[in-house]
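First up is the structure itself, then whatever we jot down about it.
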Amino acid sequence: MAIKYIDEADFEGKRVLARFDFNVPLKDGKILDTSRIDLALPTIKYILENGAKKLTLMSHLGRPKSKEDTQFSLEPVAEYLADKLDVNLVLAPAAVDAGVKELLTLNETKIVLLENLRFHPEEKENQMEFASKLAQYGDVYVNDAFGVVHRAHASVHEINRFFSGKNYAGFLIEKEIQALDKILISPTKPFVAIVGGAKVSDKIKTIEKLLVNVDKLMIGGAMAYPFLKAKSRSIGKSLCSDEDVTLAQRILKADRSNKITLPVDHIVASSLDSKAQENLSPDIPEDMMGLDIGPNTVSQYVNIINESETVLWNGPMGLFEKEQFSNGTFEIAKALANSNAFTLVGGGDSVSAVNKSGCADQISHVSTGGGASLEYIEKGELPGIQVLKFGV
Ligand code: 3PG
Ligand code: MG
């Protein structure tokens, strides 16, 4: 069965219940990056413009332990949405509360944002009773929360049980799936991937899956050191666990056509706060740690990107939050922006690097889902998408 998208839905006079991923980075109550909310706006506007009588918005935010964790309130999101949509929007004090249904009967209330779903442990438990309470707020259900469709949680999974034939995906999910399918289903060759980040164990399954399809797989960031160690290089004090070295050995063994490309040089320092130095050899001295890819690695990786037709990037090339270790990550971002290839960036850190470098609009697709995009690449399906197709 195919996913039904919202352009097939009839919203006229209906109460619409819609799940988004408004899990945005916050600092002191301020939203640091509004992209996830901005990218939800077309779906919200479409629902309103197509006659919905009431609209109830749902989301999680962060990983609160209980509802006492008030720093995870969706209040900043409510304020931002009200401003962007220029409407009167009510933040319901709790996601499941007798007051919500009452609120929805009031003439003056058109849009309600439910407070953080994860204030209720039942959300993550994918509990049917919790889902059934949420389901009472809508006649029709819309899911546009791409960032969380890899989680079988009540508001994205079990809830579909109550909307058989009346559950739709929004425009953001449509865009994300189209972009990812371009990479998964017959990508234009050469197809290369750049994978970085901290741990091999986090991404091993994705790497193994990618190795089958890509022409080259460039590795950077802390993830490179277990690979170098597995190849008997010295890595000094660089971040590296024995478990990751074992995993790297397994991957290298599987890589019969030598698709994996490792850094040939590094930016090193004696500690995270020490002065950065170029280390123009693949080997790192004992008293140093690698914190970014070196200049020769950058030009090698950029050359490979320039010769490719499809490029996937996930994970930074170094500790880019610190300026002295950010060059590799930003040079990769620039190379993707300047490339004519189909370029896709996923994963919170690489997305924020692309945003910081100011070239996000030159990337073919910047995914709002780090975990979700990786899991889709690995498995070719996601629980929250599967239920939209086949039901619970
Ligand atoms: C994310 O930012 O990764 C998504 O919103 C999902 O959140 P989670 O990783 O806490 O489940
Ligand atoms: Mg996550």
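As a basis for the values below, the full set of heavy atoms in this structure was taken, side chains included, without hydrogen atoms, waters or symmetry mates. Numbering of ligands and ligand atoms starts at 1, following listing order.
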Output a table of donor-acceptor pairs, distance under 3.5 Å, between side-chain atoms of residues 82-106 and any protein atom two or more places apart or on a different chain; print 'none' if there are none.
{"residue": "D97", "atom": "OD1", "partner": "G99", "partner atom": "N", "Å": "2.7"}
{"residue": "K101", "atom": "NZ", "partner": "Q136", "partner atom": "OE1", "Å": "3.2"}
{"residue": "T105", "atom": "OG1", "partner": "E102", "partner atom": "O", "Å": "2.5"}

Next on the checklist: Using heavy atoms and a 4.0 Å limit, tell me yes or no: is G147 in contact with ligand 1?
Outcome noted: yes
Item to check | Contact atoms of ligand 1, heavy-atom distance to D21 under 4.0 Å | outcome: 4 (C), 5 (O)
Checklist outcome for this item: Any heavy atom of R36 under 4.0 Å from ligand 1? The part involved is side chain
Item to check | Pair D215 + K189, salt bridge at N-O below 4.0 Å | outcome: yes
Next on the checklist: Quick one, V16 and L48 - any side-chain contact, counting heavy atoms below 4.5 Å?
Outcome noted: no
Next on the checklist: Pairs of nitrogen or oxygen atoms closer than 3.5 Å, one from H60 and one from ligand 1: do any exist?
Outcome noted: yes
Checklist entry - Does an N or O anywhere in H153 fall below 3.5 Å from an N or O of ligand 1? => result no
Checklist entry - Given the rule in the side chain to side chain contact (heavy atoms under 4.5 Å, CB included) test, do I260 and I219 qualify, once you have shown the distances and angles that lead to the verdict? => result CA-CA 7 Å; I260 289 182; I219 298 203; 4.2 Å; yes
Next on the checklist: Which Ile, Leu, Val, Met, Phe, Trp or Tyr residues join L280 in one cluster when any pair of side-chain heavy atoms under 4.5 Å counts as a link?
Outcome noted: none
Checklist entry - Do K4 and E8 sit within salt-bridge range, that is, some charged N less than 4.0 Å from a carboxylate O? => result no
Item to check | Check ion pair D139-R15 (N to O, under 4.0 angstrom) | outcome: yes
Checklist entry - ligand 1 versus K124, non-hydrogen atoms closer than 4.0 Å: side chain, backbone, both, neither? => result neither
Checklist entry - Going by the order shown, which atoms of ligand 1 are within less than 4.0 Å of some heavy atom of R151? => result 8 (P), 9 (O), 11 (O)
Next on the checklist: Give the atom numbers and elements of ligand 1 that come within less than 4.0 Å of a heavy atom of N23.
Outcome noted: 1 (C), 2 (O), 4 (C), 5 (O), 7 (O)
Item to check | Contact atoms of ligand 1, heavy-atom distance to R118 under 4.0 Å | outcome: 7 (O), 8 (P), 10 (O), 11 (O)
